[in-house]
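Inspection log for the structure reproduced underneath, given as structure tokens.
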Amino acid sequence: MTRLTRILHSLLCLTLCATTLTSCIEEYEADIDASDTDLLVVEGTICSGQLNTFYLSRTQALNGTDTPLIVTGATVSVRGTDGTQIPAQGDNGRYTCQVDQLSAGVEYFLHIEVDGEVYESTPQQPLATEEIAEVQAVQQTPQSSIDILVTPEAPHDPDRACYYQWTYDETWQVEPDYYTSMYFDTELMEPVWQDIYHFPRRGWVDATSSTIMIGASTGYAGHHISQLQLYAIDRADVRMFHRYSALLHQRAISKGEYEYQLARRQAGSEMGGLFTPLPSALPTNVRCLTSDKHVIGFVGCSLNTTDHRFFLNRSEFSIHDSTGADGRLWLEDPTMEDCAKMVSQGLYLCEWDDAEKSPDGKLHTAWAYIHQLDVRHRYEGAYIEKPAFWTEE
């Protein structure tokens with residue numbers, strides 16, 4: 001189930017439930033058009049020079065289950081006013097097609113045939129997207145989060161308002177809690193100063209933003225957005241403990257798509273408030289050509305998207321790393337049998353302070369679990385092959 005479908009389902013449930021909060025004896029049936037509880041939801045963007053993905057689903061009724069109401073068996077295609085037709089291949093509610101270079105003077109739309117009905121989005125000329133001029137990271141105080149600010153290049157037309165959508169893919173470096181270059185040999189019953197495990201010294205984790213960020217140039221001089229905050233990273237977030245990078249994606253959108261995204265965000269945050277509109281009232285540019293059925297969703301059209309990669313270093317900010325306490329297991333004055341038992345329990349030897357060198361004349365040993373020594377066991381999805389884009393500076 002897509003995030004939009006879940007939001008719409010919750011809105012329908014909460015709106016109906018709001019009418020029954022007072023004490024009732026008789027069963028009450030809300031007077032809501034049944035067509036508003038089985039709406040087609042269309043998500044996706046027609047974009048030049050890439051694989052386009054469109055998601056089809058339906059909103060659930062009040063007594064529906066959490067099972068995703070995906071739409072299968074639909075005929076979906078991207079079409080142009082010049083006669084272009086690009087069929088999409090369907091897979092479990094997900095319809096994809098490779099779109100080559102779009103023409104700036106042609107209008108494009110999404111065509112859907114499903115359950116005996118025909119739907120189309122409003123034909124649009126693809127919008128050109130400016131490059132990203134700069135991405136800044138600002139920490140207002142040593143205790144503040146790190147704000148990510150974006151400035152696009154000057155707009156193509158400074159006399160008209162600009163609207164944008166941003167998403168991002170992020171990668172951050174991770175390191176183990178401890179290192180070891182020794183092991184306890186259970187046959188010799190003694191420590192050996194040799195790195196036989198070769199635990200990686202660092203790794204990386206990837207993630208994709210789950211939030212669509214939007215912005216409008218209204219209020220900016222010359223309709224040129226400058227230093228717009230997109231998101232923030234807490235200074236105690238593991239993403240900032242070593243090195244962080246993100247690939248920011250920028251896409252120009254129409255005013256209609258901007259207003260749709262605003263309404264969708266409001267619906268998701270208010271979740272059934274007194275003045276929250278029903279899903280069928282959300283703005284849309286998709287309509288049913290064969291009946292008066294409502295449709296939810298918005299299909300944008302873009303000539304291109306622009307990307308910008310940036311890096312953040314821990315040394316540039318005030319970072320709060322709470323992992324300073326020693327989390328290893330220390331054994332004082334253990335027997336060799338005790339050490340062998342630690343190995344059998346899955347621990348690894350990290351420190352061996354001989355009794356002769358210790359101020360108290362006792363042997364001190366430190367042991368760690370594999371998740372403390374290998375980032376692949378500590379962080380979900382961590383890998384140790386350095387990304388091709390990763391720089392050391």
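Here the structure is a predicted model, which is why all the values come from computation and not from measurement.
- Of the possible polar contacts, one joining the Arg265 side chain to the Ile212 backbone as a donor-acceptor pair under 3.5 Å is found.
- Without hydrogens or angle criteria, His198 side chain to Asp195 main chain gives a donor-acceptor distance under 3.5 Å.
- In plain terms, the two heavy atoms of Thr167 and Thr211 that are nearest each other are CG2-O, 4.4 Å.
- Between Trp352 and Phe184, the angle of the ring planes stays under 30°, which puts this pair in the parallel group of the 30/60° scheme.
- The heavy-atom pair separating Gln250 from Val150 by the smallest distance is OE1-CG2, 4.3 Å.
- In Tyr369, the OH atom is not crowded: 12 or fewer heavy atoms of neighbouring residues, nucleotides or ligands sit closer than 6.0 Å.
- With salt bridges taken as basic N to acidic carboxylate O contacts below 4.0 Å, none links Lys293 and Asp38.
- With a 4.5 Å cut-off on side-chain heavy atoms, Gln173 and Val205 do not count as touching.
- In this model, a donor atom of one side chain and an acceptor atom of the other lie less than 3.5 Å apart for Gln101 and Ser48.
- Tracing side-chain contacts under 4.5 Å through hydrophobic residues (I, L, V, M, F, W, Y), one never reaches Phe109 starting from Tyr95; they form parts of separate clusters.
- The ring of Trp166 has its center no closer than 6.0 angstrom to the ring center of Tyr168.
- At least one side-chain heavy atom of Asp206 sits less than 4.5 Å from a side-chain heavy atom of Tyr383.
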Give the intermediate values and the outcome of side chain to side chain contact (heavy atoms under 4.5 Å, CB included) for residues Leu56 and Val114. CA-CA 10 Å; Leu56 302 186; Val114 62; 5.6 Å; no
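- Remark: Arg309 is positioned above the aromatic ring of Phe389, its terminal NZ or CZ atom under 6.0 angstrom from the ring centre and at most 45 degrees off the axis.
- Heavy-atom neighbours of Arg202 CZ from other residues, nucleotides or ligands within 6.0 Å: above the threshold of 12.
- Under the 3.5 Å distance criterion, with hydrogens and angles disregarded, a donor-acceptor pair is assigned to the side chains of Tyr164 and Glu130.
- Side-chain N or O atoms of Thr151 include one that pairs as donor or acceptor with a backbone N or O of Gln227 at under 3.5 Å.
- In the hydrophobic cluster analysis, where Ile, Leu, Val, Met, Phe, Trp and Tyr join through side-chain heavy atoms closer than 4.5 angstrom, Leu39 is grouped apart from Val118.
- Heavy atoms only, all atoms of each residue included: Glu107 and Pro123 are closest at OE1-CB, 3.7 Å.
- Nearest heavy-atom pair across Arg94 and Thr53 is CG-CG2, 3.6 Å.
- Atom CD1 of Ile132 is separated from atom NE2 of His249 by 9.0 Å, given to the nearest 0.5 angstrom.
- Annotation: the span from His320 atom NE2 to Asp237 atom CG amounts to 12.0 Å, rounded to 0.5 Å.
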Steps toward side chain to side chain contact (heavy atoms under 4.5 Å, CB included) verdict (Val286, Leu110): CA-CA 8 Å; Val286 184; Leu110 190 67; over 6 Å; no
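- There is a path of hydrophobic side-chain contacts, each under 4.5 Å, that joins Ile196 to Val192.
- Under the 4.5 Å side-chain criterion, counting only non-hydrogen atoms from C-beta, Lys255 is not in contact with Glu257.
- Within 6.0 Å of CD on Glu392 lie more than 12 heavy atoms contributed by other residues, nucleotides or ligands.
- Panel note: side chain Thr284, backbone Gly297; a donor-acceptor pair is recorded below 3.5 Å.
- Outside the 6.0 Å centre-distance limit, the rings of Trp172 and Phe241 are not counted as a close aromatic pair.
- More than 12 heavy atoms of other residues, nucleotides or ligands lie within 6.0 Å of CD in Gln143, so this atom counts as buried by the packing criterion.
- The CD atom of Gln89 sits 10.0 Å away from atom CG of Asp91, with the distance rounded to the nearest 0.5 Å.
- Side-chain atoms of Asn304 come within 3.5 Å of backbone atoms of Thr129 as a donor-acceptor pair (strictly under, hydrogens ignored).
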Identify each donor-acceptor pair in which a side-chain atom of residues 358-366 lies under 3.5 Å from a protein atom, sequence neighbours left out, and give them as a table.
unit_1, atom_1, unit_2, atom_2, d
Ser358, OG, Asp360, OD1, 2.5
Ser358, OG, Lys362, O, 3.4
Ser358, OG, His364, NE2, 3.2
Asp360, OD1, Lys362, N, 3.0
Asp360, OD1, His364, NE2, 3.1
Asp360, OD2, His364, NE2, 3.1
Thr365, OG1, Leu331, O, 3.2
Thr365, OG1, Trp367, NE1, 2.9

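- Leu230 and Tyr163 fall into different hydrophobic clusters, defined by Ile, Leu, Val, Met, Phe, Trp and Tyr side-chain heavy atoms under 4.5 Å apart, directly or through other members.
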Does Met189 form a side chain to side chain contact (heavy atoms under 4.5 Å, CB included) with Glu337? I'd like the steps, not just the answer. CA-CA 8 Å; Met189 296 297 280; Glu337 288 73 18; 4.3 Å; yes
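- Under the 4.5 Å side-chain criterion, counting only non-hydrogen atoms from C-beta, Glu170 is in contact with Tyr244.
- The structure places CE of Met240 at 8.0 Å from CG of Asn313, a figure rounded to the nearest 0.5 Å.
- Between Met213 and Tyr231 there is a side-chain heavy-atom pair separated by less than 4.5 Å.
- No hydrogens or angles considered: a donor-acceptor pair under 3.5 Å links the side chains of Glu117 and Thr290.
- No hydrogens or angles considered: a donor-acceptor pair under 3.5 Å links the side chains of Ser302 and Arg251.
- Here the closest non-hydrogen pair linking Cys97 and Phe54 is SG-CE1, 4.2 Å.
- In this structure, Arg201 does not pair ionically with Glu175, as no charged nitrogen and carboxylate oxygen lie closer than 4.0 Å.
- Contact between Glu120 and His111 at its shortest, heavy atoms only, is OE2-ND1, 2.8 Å.
- A donor-acceptor pair is defined here as one N or O able to donate and one able to accept, closer than 3.5 Å; no such pair exists between the side chain of Asp147 and the backbone of Ala137.
- Between the side chain of Ser57 and the main chain of Ile70, no donor-acceptor pair closer than 3.5 Å is present.
- Ion pair Glu259/Arg264 not flagged as a salt bridge, since none of the NZ, NE, NH1 or NH2 atoms sits closer than 4.0 Å to an Asp/Glu carboxylate oxygen.
- Relative to the ring axis of Tyr178, Arg328 places its NZ or CZ within 45° and under 6.0 Å from the centre.
- Looking at heavy atoms from C-beta onward, Thr59 lies in side-chain contact with Val41 at the 4.5 angstrom threshold.
- A distance of 11.0 Å separates CG in Leu102 from CG in Leu127, rounded to the nearest 0.5 Å.
- For the pair His371 (side chain) and Arg376 (backbone), a donor-acceptor distance under 3.5 Å is absent.
- Each of Leu149 and Leu247 belongs to its own hydrophobic cluster when Ile, Leu, Val, Met, Phe, Trp and Tyr are linked at side-chain heavy-atom distances under 4.5 angstrom.
- Counting only heavy atoms from C-beta outward, the side chains of Tyr348 and Ile370 approach each other to under 4.5 Å.
- Under the 6.0 Å distance and 45° angle rule, Arg243 does not count as a cation-pi partner of Trp204.
- Contact annotation: the side chain of Asn52 never approaches that of Thr96 to less than 4.5 Å [non-hydrogen atoms, C-beta and beyond].
- Summarising the geometry, atom CD belonging to Gln261 is positioned 6.0 Å from atom CD1 belonging to Ile214; distances are rounded to the nearest 0.5 Å.
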Criterion side chain to side chain contact (heavy atoms under 4.5 Å, CB included) on Gln194 and Tyr183, from CA distance to verdict: CA-CA 7 Å; Gln194 181 181 347; Tyr183 71 99; 4.3 Å; yes
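- Using a 3.5 Å distance cut-off with no hydrogens or angles, the side chains of Asp169 and Thr208 do pair a donor with an acceptor.
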